[in-house]
Amino acid sequence: LGVREIDIFFSERTIVKLKPSECDGKLSRYRRIVKEASEQSRRSRIPLVSFLTSFNDAVNVKAQHRLIAYEEQSGSTTIFNNSLKKIKKGERVAVIIGPEGGFTSEEIDIAKQRGFNIIGLGRRILRAETAAIYAISVIANHLENQS
């Protein structure tokens, strides 16, 4: 779908907590999965996969367009659609998807302060994995249909 980087981070409500000793093994596994998927889809560039130490690292990512999906915005996709209209080919887009337990209001406030647009992904509350694929698919579709 055109993703260049996947950063995994831990936030307040992350349910699965990894010990530092487990991170290297998980990261190796995730990188292998991404490599195989990239080869299967004939991608020339394999996305980078890394762990960030915290939510604060995630909201400091550098991108022209910064979006964070928040389940409290479910139903309305207006902000997401308006954000898409501003994205041009070649610009970097960062999308933060929450953990299984969702983001805290404090985390959302921090994201807003760091310049993130709070977006909704539709009427349904999605699993983290599904939300990521959905958001990236919508962005990819938008960019592929720009004239």
Side-chain angles (χ1 to χ4, degrees), residues 1-20 22-38 41 43 46-146:
L1 294 171
V3 172
R4 291 186 181 203
E5 188 172 339
I6 300 166
D7 295 321
I8 302 161
F9 64 92
F10 302 101
S11 64
E12 281 289 315
R13 295 184 180 156
T14 300
I15 293 171
V16 176
K17 304 277 188 194
L18 296 177
K19 297 174 189 155
E22 299 172 313
C23 289
D24 286 342
K26 289 284 187 186
L27 194 54
S28 177
R29 179 175 179 270
Y30 296 152
R31 287 177 175 160
R32 190 170 51 254
I33 291 167
V34 167
K35 181 180 183 292
E36 290 169 3
S38 297
S41 60
R43 284 197 56 177
I46 298 170
L48 174 67
V49 181
S50 60
F51 274 113
L52 299 176
T53 56
S54 69
F55 177 79
N56 282 326
D57 288 341
V59 294
N60 284 326
V61 68
K62 304 285 188 249
Q64 286 97 340
H65 304 277
R66 301 165 67 170
L67 311 171
I68 183 167
Y70 187 40
E71 65 276 3
E72 295 298 321
Q73 293 291 329
S74 66
S76 174
T77 57
T78 304
I79 296 171
F80 190 23
N81 290 330
N82 289 340
S83 297
L84 291 175
K85 293 174 188 173
K86 298 174 187 173
I87 301 170
K88 306 225 178 355
K89 285 186 180 182
E91 292 181 329
R92 188 172 172 144
V93 180
V95 181
I96 295 180
I97 303 295
E100 308 87 347
F103 289 117
T104 64
S105 58
E106 293 82 12
E107 288 170 328
I108 293 299
D109 289 341
I110 290 169
K112 283 183 192 176
Q113 291 168 6
R114 304 275 170 81
F116 277 81
N117 286 325
I118 314 305
I119 62 168
L121 299 178
R123 291 187 294 255
R124 294 162 203 83
I125 303 293
L126 303 171
R127 289 178 54 100
E129 302 90 341
T130 308
I133 294 168
Y134 171 80
I136 294 163
S137 297
V138 170
I139 294 167
N141 184 35
H142 167 74
L143 292 173
E144 289 170 6
N145 288 303
Q146 281 184 348

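Just the heavy atoms: all of them, side chains too, but no hydrogens, waters or symmetry mates, feed the values below.
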Open item on the list: To the closest 0.5 Å, what do you measure between OG (Ser83) and CG (Asn117)?
Closed with: 4.0 Å

Task: Shortest non-hydrogen contact from Asp7 toward Ser50 - done: OD1-OG, 2.7 Å

- [ ] If a pair satisfies salt bridge (Lys or Arg N to Asp or Glu O under 4.0 Å) and one of its residues is in residues 71-99, list it, with sequence neighbours excluded.
- [x] Glu5-Arg92

Open item on the list: Tell me the closest heavy-atom pair linking Ile96 and Phe103, and the distance in Å.
Closed with: CG2-CZ, 3.5 Å

Task: Ile68/Ile119 under side chain to side chain contact (heavy atoms under 4.5 Å, CB included): CA gap, chis, key distance, verdict - done: CA-CA 6 Å; Ile68 183 167; Ile119 62 168; over 6 Å; no

Open item on the list: Would you compute the distance between atom OG of Ser137 and atom CD of Glu144 and round it to the nearest 0.5 angstrom?
Closed with: 9.5 Å

Task: Any side-chain heavy-atom pair of Glu100 and Val16 under 4.5 Å - done: yes

Open item on the list: Please check: side-chain N/O of Ser28 versus main-chain N/O of Asp24, any donor-acceptor pairing under 3.5 Å?
Closed with: no

- [ ] Specify the closest pair of heavy atoms between Lys17 and Glu12, including all atoms of both residues, with the distance to one decimal.
- [x] NZ-O, 3.9 Å

Open item on the list: Checking Asn141 against Asn145: is there a side-chain donor and acceptor pair closer than 3.5 Å?
Closed with: yes

TODO: Report yes or no: does Thr130 contribute a side-chain atom to a donor-acceptor pair with the main-chain N or O of Leu126 at less than 3.5 Å?
DONE: no

Task: Plane angle bin for Phe51 and Tyr30 - parallel if under 30°, tilted between 30 and 60°, otherwise perpendicular - done: tilted

Task: CZ/Arg124: more than 12 non-hydrogen atoms of other groups inside 6.0 Å - done: no

Open item on the list: For a quick test of reading the model, state the closest non-hydrogen atom pair linking Ile97 to Ala69 and the distance between them.
Closed with: CD1-CB, 3.9 Å

TODO: Report yes if some heavy atom in the side chain of Leu67 is under 4.5 Å from a heavy atom in the side chain of Val93; otherwise report no.
DONE: yes

Open item on the list: Measuring only between side-chain heavy atoms, which start at C-beta, is Thr77 closer than 4.5 Å to Leu121?
Closed with: no

TODO: Start with the C-alpha gap between Ile8 and Leu52, add the side-chain angles, then the distance that decides, and say whether side chain to side chain contact (heavy atoms under 4.5 Å, CB included) holds.
DONE: CA-CA 6 Å; Ile8 302 161; Leu52 299 176; over 6 Å; no

Task: Student check: side-chain heavy atoms of Lys112 and Ile118 closer than 4.5 Å - done: yes

Task: Shortest non-hydrogen contact between Ser54 and Phe9, atoms and distance - done: O-CB, 3.8 Å

Task: Sub-4.5 Å side-chain heavy-atom contact between Ile139 and Phe80 - done: yes

- [ ] For residues Lys19 and Glu22, determine if any side-chain heavy atom of one lies less than 4.5 Å from a side-chain heavy atom of the other.
- [x] yes

- [ ] Heavy atoms only: give me the nearest Glu107-Ser11 pair and the separation to one decimal.
- [x] OE2-CB, 3.0 Å

Task: Ile6 side, atom CD1; Leu48 side, atom CG - distance, nearest 0.5 Å - done: 9.0 Å

Task: Heavy-atom side-chain proximity of Arg114 to Arg66 below 4.5 angstrom - done: yes

- [ ] Would you mind reporting whether Ile87 and Leu143 have side-chain heavy atoms less than 4.5 Å apart?
- [x] yes

